[in-house]
J.: 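Below you will find the structure I want to go over with you.
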Amino acid sequence: MIEVKNLTKHYGAIRAIDNLTFSVGSDTTGNIIGFLGPNGAGKSTTIRILSCFQPADSGMATVAGYNVFTQSLDVRRNIGYLPESAPLYTEMRVREYLHFRGKLHGMSRRDRDNAVRSVTERCWLGDFVDRPIGQLSKGMRQRVGLADALLHDPKVIFLDEPTIGLDPMQIRETRKLIRELGDRHIVFLSSHILHEVEQICTHAIVIASGRILASGAPAELRERISAGSRLIAEIKGSPDAVVAAVKSLSGVGAVESDTQDEWTRLSIEANGAGDIREEVFKLASEKGWSLREMRREVASLEDFFIKITAEQRTGRG
Amino acid sequence: MRNIVTMTRRELTAQFYSPIAYVVLVVFLVLSGIIFGMANFQPGAEASARMLFGLVPLILVLVSPLLTMRLLSDEFRTGTIETLMTAPINDAEVILGKFLGTFLFYLVMLAGTLVYPIILSFYGSLDTGLALCSYVGLLLVGGLFISVGLFFSTCTQNQVIAAICTLAILAVFTFLGDWLASGQEGTLRVILQHLSIRSHYEVFVRGLLDSNHVVFFITSTALFLFLGVKALEFRRWR
């Protein structure tokens, strides 16, 4: 559904995206694709190119079977796009705006009436259809933008940071809606929140400084990220014996310890990707030590970016 | 075509929502009313709209940039250009739709001046042909002014800059064209004379419907609309 080959785009001397290649929206990736990266990674630029707003310097891209550069109008008939700031004509009323957008997509009066009714319902806009957009809050405007992106039932929907600036309740609702959209549309969303992508998406592409760092199912990515994580455990027992026993477990790297009262607080670094939590628990129960805390300190997305970029520099990634 | 109609309707409605448009409307009618009153309601003055029609373009130089400044600069500033240009509508349709919407609003403005010839017809025999001819001239001038303003509005996301550039260009070619030409000789003089909007327009006020001058207005309007389309393309290419 979305295929990108060697896509490159410069803004003056700055390279916004660098040789991007990916193919998503097939059976293997599922329908909800997360485009994950820190700010300034090139997410919005990529979406703008794929939605035919901006051309690229070089490379090729097709969306819904049409070439983004040579069949721009065909692509645009088949996509819905919600830009990051959800820009809208503030002087218009919600219904009026959606009808205007529907007309641009060549929908008949009756189609527009039906579509406006159904999208305002899906985006919880029912009570606001006759309000001027200028009077709506940021969250409500985001919904209007989302309703607009769904209006003509497009094959592909691009959402640029769809939950940014929303309150927690609205974030939850929006995520739920996006998951539902996956049944009928290909959704391509960008986000800088790992947790969000993990929750909603069936496939994730990680991008930083205009390059793809990793792509795969969110669970796999989480595994790669947590591979570099630490295990925190608090065990009651003689400090030296505890540290020595834990160190002897397979897959354990460096261990730091800190003893307070009778409790030894361990910070264990794992070697490799394995999960050693079970081993630690078994060890404690065998020796009859009490265990009062055990958690994985998961590396943040930022740590992940740093780690992967470092791997690439040393030629291992 | 359908897209142009959609854009035109949206742009006309947007003008009616905008406070600036009403200010422009009022200022335009007040100024033209003052000119009309001073020219006609004097002892011994002739009952003629010639003075009024001769001066209306000068008012337009001042007020038309206010009508056109937000057309595209506001879309760029707020980002709505992104949603607009990712809908199935091409650049030319956007520019033409915005032009026509604003032109229709201009027609509404112009309709307000129809009372002056009507009033005159009570006091003397109105030269209907002359009045019609002047209105044709006003339509052409208005179209050109709007297309110039639209072009500058496409070039910047700052409305004030768009308005000032439009005002400067319109003022130079309306007020100064003849004056600049008079200081020159030879080919340059001919070119400058030809570019003077006022001298082209005055032919209409004299009651002459000369295809030469009609063509001047239509081609220069088309040129600025074309430049507007190119400017819009260029801004997305960056």
Side-chain angles (χ1 to χ4, degrees), chain A residues 9-12 44 47-57 63 66 68 71-93 96-97 99-108 112 132-134 141 144-145 148-149 151-152 154 156-158 160, chain B residues 1-23 67 70-98 100-102 105 154 157 159 229-238:
Chain A
K9 167 88 187 167
H10 292 83
Y11 290 114
S44 296
I47 290 186
R48 280 187 186 142
I49 292 171
L50 293 179
S51 60
C52 303
F53 180 66
Q54 277 182 336
D57 295 339
V63 172
Y66 297 104
V68 165
Q71 297 166 303
S72 164
L73 288 178
D74 289 313
V75 171
R76 293 194 240 164
R77 274 185 203 105
N78 286 294
I79 60 165
Y81 171 35
L82 171 66
E84 186 175 341
S85 55
L88 301 163
Y89 299 115
T90 46
E91 82 279 357
M92 291 176 115
R93 289 167 197 276
E96 192 185 359
Y97 175 71
H99 271 276
F100 164 68
R101 300 288 300 173
K103 276 193 225 164
L104 286 183
H105 281 283
M107 296 162 75
S108 70
R112 291 200 309 266
I133 292 171
R141 288 185 196 195
V144 177
D148 165 34
L151 189 67
H152 51 290
V156 180
I157 300 172
F158 292 105
D160 197 355
Chain B
M1 190 59 212
R2 192 196 56 231
N3 279 340
I4 299 178
V5 176
T6 308
M7 275 312 289
T8 305
R9 283 186 58 179
R10 130 105 189 114
E11 211 46 59
L12 183 61
T13 345
Q15 288 286 8
F16 277 106
Y17 276 127
S18 145
I20 297 175
Y22 287 99
V23 172
L67 281 185
R70 44 155 277 284
L71 288 178
L72 271 123
S73 39
D74 211 38
E75 301 250 8
F76 278 105
R77 188 181 55 81
T78 59
T80 48
I81 191 75
E82 260 187 74
T83 36
L84 182 62
M85 299 311 301
T86 50
I89 179 168
N90 63 41
D91 299 12
E93 288 170 334
V94 170
I95 294 288
L96 271 179
K98 297 224 166 224
L100 290 174
T102 314
F105 185 82
T154 315
Q157 58 174 325
Q159 295 188 23
V229 175
K230 288 296 148 193
L232 183 56
E233 268 173 29
F234 177 76
R235 292 205 59 182
R236 289 167 56 211
W237 270 85
R238 278 190 305 174

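Note that the coordinates shown come from a computational prediction; the quantities given were computed from them, not determined experimentally.
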J.: Nearest 0.5 Å, please: how far is CG in B/L84 from CZ in A/R101?
T.: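 Spacing of CZ (A/R101) from CG (B/L84) equals 6.5 Å.
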J.: Identify the two heavy atoms, one from A/P87 and one from B/T80, that lie closest to each other, and give their separation to 0.1 Å.
T.: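 Looks like CB-N, 3.5 Å.
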J.: With a 4.5 Å cut-off on heavy-atom pairs, point out which of B/N3, B/T78, B/T83 contacts chain A the most.
T.: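 Most pairs with chain A among the choices: B/T83.
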J.: So, for B/A14 and A/E91, which heavy atoms are closest and what is the spacing to 0.1 Å?
T.: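 Heavy atoms of B/A14 and A/E91 come nearest at CB-OE2, 3.6 Å.
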J.: In terms of heavy-atom proximity below 4.5 Å to chain A, should B/E75 be classed as side chain, backbone, both, or neither?
T.: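 Side chain only.
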J.: Are the side chains of B/R10 and A/Y97 in touch, meaning some heavy atoms are under 4.5 Å apart?
T.: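 B/R10 vs A/Y97: side chains apart.
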J.: Which bit of A/L104 comes within less than 4.5 Å of chain B, counting heavy atoms only: side chain, backbone, both or neither?
T.: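 Interface part for A/L104: both.
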J.: Please state whether the side chain, the backbone, both or neither of A/D74 comes within less than 4.5 Å of a heavy atom of chain B.
T.: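 Contact with chain B involves no heavy atom of A/D74 at all.
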J.: Looking only at non-hydrogen atoms, find the nearest pair between A/R76 and B/A87 and report the distance.
T.: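 The pair with the smallest heavy-atom distance is NH1-O, 2.9 Å.
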J.: Looking only at non-hydrogen atoms, find the nearest pair between A/F53 and B/I81 and report the distance.
T.: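 A/F53 and B/I81 have their closest heavy atoms at CE1-O, 3.7 Å.
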J.: Looking at A/A86, A/S85, A/A149, A/G106, which makes the most heavy-atom pairs under 4.5 Å with chain B?
T.: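 Of the candidates given, the most pairs with chain B belong to A/G106.
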J.: Please classify the contact between A/E84 and chain B as side chain, backbone, both or neither, with a heavy-atom cut-off of under 4.5 Å.
T.: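 Neither part, no heavy atoms under 4.5 Å.
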J.: To the nearest 0.5 Å, tell me how far A/L50 CG sits from B/T86 OG1.
T.: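 Here the interatomic distance stands at 12.0 Å.
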J.: Answer with side chain, backbone, both or neither: which region of B/T13 has an atom nearer than 4.5 Å to a non-hydrogen atom of chain A?
T.: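 Only the side chain of B/T13 comes within 4.5 Å of chain A.
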J.: At what distance, to the nearest 0.5 angstrom, does OG1 of B/T6 lie from CZ of A/F100?
T.: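 Output value for this atom pair is 7.0 Å.
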J.: Which atoms form the tightest heavy-atom contact between A/L73 and B/I89, and what is the distance?
T.: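 That would be CD2-N, 3.7 Å.
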J.: Around atom CZ of A/R77, are there more than 12 heavy atoms from other residues, nucleotides or ligands closer than 6.0 Å?
T.: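 More than 12 within 6.0 Å, yes.
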J.: Hey, what do you get for CE (B/M85) to OG (A/S51), rounding to the nearest 0.5 Å?
T.: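 With rounding to 0.5 Å, CE (B/M85) is 11.5 Å from OG (A/S51).
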J.: Which heavy-atom pair separates B/R2 from A/K103 by the least distance, and what is that distance?
T.: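 For B/R2 and A/K103, the tightest heavy-atom pair comes out as NE-O, 3.8 Å.
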J.: Measure the OH-CG distance between A/Y89 and B/D74 for me, rounded to the nearest 0.5 Å.
T.: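 Here the interatomic distance stands at 9.5 Å.
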